[in-house]
Amino acid sequence: MPRPIVATLDLNALRHNLAQVRAAAPDALVWAVVKANAYGHGIERVLQALRGADGIALLDLAEAQLVRQLGWRGPILLLEGVFEARDLELCSRLSLWHVVHCQAQIDMLALHKTQQAHRIFLKLNTGMNRLGFAPQAFRTAWTRLNALPQVDEISLMSHFADADGDKGIAAAMAAFAQTTHDLSGQRSLCNSAAILRHAKDLNVRADWVRPGIALYGASPDFPAHSAADWGLQPVMSLNTQIIATQNLQPGDALGYGATFVAERAMRIGVAACGYADGYPRLAPTGTPVSVDGVRTRTLGRVSMDMLTVDLSDLPEAGLGSQVTLWGLPQSVRGGPGQPVSNVMAQAQGIPIDEVAHAAGTVGYELMCALAARVPVQIQE
Ligand SMILES: *Cc1c(COP(=O)(O)O)cnc(C)c1O
């Protein structure tokens with residue numbers, strides 16, 4: 001028998017989350033962001049559930065090629081544009097739309113020989129100071145691109161630095177409006193946080209939105225809002241089993257470094273999941289986990305292949321009990337899983353954002369870090 005760990009992907013949850021995004025940004029076209037192998041879910045596994053999107057956004061050319069191979073004929077946007085001149089040949093061949101964020105990318109385009117003019121998303125830096133042109137340079141870049149025969153339509157985009165936080169988007173919106181007010185072209189600004197928090201404003205949601213994390217059912221602004229607050233359902237669930245139990249006496253230590261010491265007699269369970277599966281090693285004692293659908297906590301340090309959980313209040317739990325690391329409980333013994341629509345099951349779930357928060361990170365990182373050794377099941 002293989003190790004009992006399994007990641008389950010609920011494609012209906014993905015469709016549901018896409019619908020939630022559409023409801024939050026009515027009439028906007030949707031780029032479904034599938035960079036980083038669909039935030040760790042696997043592009044091949046999830047693309048069919050994203051057929052309802054208007055475009056697919058990513059940043060790896062190999063991933064763009066894969067999306068075309070899988071039969072996606074709609075728009076594909078390279079969020080970081082091209083990295084070297086010959087990438088433009090692939091853009092021409094596969095009809096990829098691409099971001100232009102710096103002068104060097106315009107230079108490459110100007111030298112590119114193509115029959116097919118490219119669709120460009122010109123990026124303005126509105127305070128993130130990562131990619132994009134400063135306002136004055138942006139306008140010069142627009143004029144230069146507009147004169148190139150290699151360029152078809154030019155769309156205008158930016159990326160918010162703090163759509164999920166208190167600083168908000170007002171300054172960025174003002175900079176965008178001021179720089180672009182007299183330029184034609186479609187506009188795109190919003191990531192998940194901006195869609196959920198700010199897209200009631202027509203100018204904010206603009207022509208295209210770019211949701212990533214919301215599609216996968218985690219919150220972009222936890223702990224201010226949970227995924228449930230936003231009406232999102234977890235796509236990825238990570239489940240395993242208890243493979244051993246131990247009884248601790250007062251004073252007994254647990255695991256590497258003896259970071260947890262029992263103050264009273266307790267029963268603990270050893271779950272077959274560790275940091276080599278993608279579970280965060282920095283998750284401290286007290287990180288939420290559920291056993292047979294009942295919430296409990298982790299204890300001590302996470303090891304490579306195992307972690308330990310508190311079974312003191314779970315006398316029925318033992319060998320083979322189901323452990324939910326995040327997402328929803330699901331039979332890992334080959335039985336049918338519980339449907340995501342089952343509200344009770346959802347109540348017993350462990351939001352990935354809670355685990356991430358306990359470990360000092362975000363749900364994004366945990367999803368992306370799901371290890372290749374974890375078998376994945378698709379739930380339709
Ligand atoms: C990753 C990314 C997004 C999606 O961000 P989420 O927070 O996951 O919604 C949108 N736009 C750009 C430019 C990105 O790089």
Side-chain angles (χ1 to χ4, degrees), residues 14 17-18 20-22 24-25 28-41 43 46 50 53-61 63-64 67 75-83 96-102 105 120-133 155-165 167-169 172-173 176 186-199 204-222 224-227 230-232 234-236 352-353 356 361-369:
L14 191 54
N17 296 336
L18 177 56
Q20 289 296 103
V21 164
R22 283 210 185 274
L29 296 165
V30 175
W31 288 115
V33 180
V34 303
K35 64 192 180 189
N37 201 21
Y39 289 48
H41 293 65
I43 288 176
V46 301
L50 293 172
D54 301 292
I56 298 292
L58 39 70
L59 38 79
D60 198 306
L61 275 92
E63 289 185 345
V67 168
I76 297 177
L77 178 63
L78 295 178
L79 289 168
E80 294 181 348
V82 297
F83 303 101
L96 307 181
W97 304 9
H98 48 104
V99 166
V100 169
H101 63 76
C102 67
Q105 289 179 327
I120 299 302
F121 274 64
L122 183 61
K123 188 160 190 180
L124 176 68
N125 173 9
T126 51
M128 179 77 132
N129 292 314
R130 211 174 50 176
L131 300 184
F133 292 91
S155 301
L156 316 175
M157 74 177 286
S158 190
H159 190 55
F160 296 125
D162 202 37
D164 54 323
K167 295 185 218 51
I169 63 167
M173 281 304 295
F176 188 79
Q186 293 191 328
R187 281 136 165 87
S188 177
L189 297 163
C190 289
N191 58 1
S192 296
I195 293 165
L196 296 170
R197 293 169 67 106
H198 305 292
V204 174
R205 65 179 184 260
D207 299 292
W208 289 87
V209 293
R210 308 188 304 268
I213 196 73
L215 297 176
Y216 306 100
S219 173
D221 64 348
F222 189 86
H225 296 93
S226 68
W230 293 125
L232 303 170
V235 174
M236 182 192 292
I352 194 169
D353 294 314
T361 183
V362 287
Y364 299 72
E365 187 176 2
L366 300 195
M367 293 175 181
C368 290

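We count ligands from 1, going down the list as the structure has it; atoms in each ligand are counted the same way.
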Closest non-hydrogen protein atom to atom 7 (O) of ligand 1, residue and atom name please, with distance?
Y364 OH, 2.6 Å
Please verify the inter-ring angle class for Y216 with Y39; under 30° counts as parallel, over 60° as perpendicular, anything in between as tilted.
parallel
Polar side-chain atom of H198 near backbone of A163 as donor-acceptor pair, under 3.5 Å:
yes
Atom 11 (N) of ligand 1: nearest protein contact (heavy atom, Å)
R210 NE, 2.9 Å
Atom 1 (C) of ligand 1 [closest protein heavy-atom partner, distance rounded to 0.1 Å]
K35 NZ, 1.4 Å
Ligand-residue contact atoms, ligand 1 with S192, heavy atoms, under 4.0 Å
6 (P), 9 (O)
Could you check which of K123, H159, M128, H101 puts a non-hydrogen atom nearest to atom 12 (C) of ligand 1?
H159
Could you work out, with side-chain hydrogen bond (donor to acceptor under 3.5 Å, both in side chains) as the rule, every residue matching R187, not counting sequence neighbours?
none
Identify the closest protein heavy atom to atom 8 (O) of ligand 1: which residue and atom is it, and at what distance?
Y39 OH, 2.5 Å
Whether the side chain of E63 engages the backbone of N37 through a donor-acceptor N/O pair (distance < 3.5 Å, no angle test) should be reported.
yes
Test item: Q105 side-chain N/O and H101 main-chain N/O as donor-acceptor pair under 3.5 Å
yes
Is P211 in polar range of ligand 1, meaning some N or O pair under 3.5 Å apart?
no
No-hydrogen, no-angle side-chain donor-acceptor test under 3.5 Å, W230 and D221
yes
Ligand 1 N/O within reach of I213 N/O, cut-off under 3.5 Å
yes
